[in-house]
Amino acid sequence: SQQGEEDPQALSIQEGENATMNCSYKTSINNLQWYRQNSGRGLVHLILIRSNEREKHSGRLRVTLDTSKKSSSLLITASRAADTASYFCATDGSGNTGKLIFGQGTTLQVKP
Amino acid sequence: NAGVTQTPKFQVLKTGQSMTLQCAQDMNHEYMSWYRQDPGMGLRLIHYSVGAGITDQGEVPNGYNVSRSTTEDFPLRLLSAAPSQTSVYFCASRLDSVYGYTFGSGTRLTVV
């Protein structure tokens, strides 16, 4: 089974609102990553948070990590129509195995 | 830099045929992986490699072979295509486990 599970599966908001997506995972991790996929395209890496970090920012993105709850959240502030995409979390297992496992993703629609 | 190049972009196979999906990267990345993505789902790891000469199985390796004779290339071989292998295949590479993946644009494979 996949390591990361995202919630909600789909999210629809108005432009300017904030979007929050959650990810839960099952085993110990080295780091957790978030990716974006526009329809029919490849994935684009957004941000990586290491297991010893609790929060990380990149532009309008804020990622938190709670290793005790095995969960992470991605917050997109002041969303834009161009943020419409699918967002995936992915976990890198502990032990530097190189094995990156993806969740099923959250589909975000931002209405203009 | 071309990044991660996948060929072909589209392919139709008959059941039982074999073929090789090509993946090449020019970023001197050690880590490479193959994923498949089925409609409405996340990515599932097929095989991955942490360096030339080293490969390992992912979540769904059955029916696929890989080899990594050079740092640049990581071909995926379908031994005897089945309709269940109809999917979009993504190749990705990264420098090491503390970096995010760079994805190719994908190969859309249909097995009839």
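Chain A is the first sequence line, chain B the second, and so forth, proteins listed ahead of strands; every chain is numbered from 1. Computation of the quantities below employed the complete heavy-atom set of this structure, encompassing side-chain atoms and omitting hydrogens, waters and symmetry-equivalent molecules. All values derive from a computational prediction rather than experimental measurement.
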Are [X] and [Y] in one and the same hydrophobic cluster, where Ile, Leu, Val, Met, Phe, Trp and Tyr link if side-chain heavy atoms are under 4.5 Å apart?
X: Leu76(B); Y: Val4(B); result: no
X: Leu43(A); Y: Leu109(B); result: no
X: Val44(A); Y: Leu32(A); result: no
X: Tyr87(A); Y: Tyr25(A); result: yes
X: Leu43(B); Y: Val66(B); result: no

> Checking heavy atoms, do the side chain of Tyr101(B), its backbone, both or neither come under 4.5 Å from chain A?
Replying inline: both
>> Heavy-atom cut-off 4.5 Å, strictly under: side chain, backbone, both or neither for Gln37(B) against chain A?
In response: side chain
>> Working to the nearest 0.5 angstrom, can you tell me the gap between Phe90(B) CZ and Arg41(A) CZ?
In response: 10.0 Å
> Within a radius of less than 6.0 Å around CD of Gln9(A), do more than 12 heavy atoms belonging to other residues, nucleotides or ligands occur?
Replying inline: no
> Crowded around Arg80(A) CZ? As in, over 12 foreign heavy atoms under 6.0 Å?
Replying inline: no
Which answer fits [X], side chain, backbone, both or neither, if we ask what part of it has an atom under 4.5 Å from a heavy atom of chain B?
X: Gln37(A); answer: side chain
X: Leu46(A); answer: neither
X: Leu48(A); answer: side chain

> Which heavy-atom pair separates Ser97(B) from Asn30(A) by the least distance, and what is that distance?
Replying inline: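 Here Ser97(B) and Asn30(A) meet closest at OG-ND2, 3.9 Å.
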> For Gln33(A) and Tyr99(B), which heavy atoms make the closest approach, and how far apart are they?
Replying inline: NE2-O, 3.6 Å
>> One pair to check against side chain to side chain contact (heavy atoms under 4.5 Å, CB included): Tyr48(B) and Leu100(A). What are the steps and the verdict?
In response: CA-CA 9 Å; Tyr48(B) 65 103; Leu100(A) 189 69; over 6 Å; no
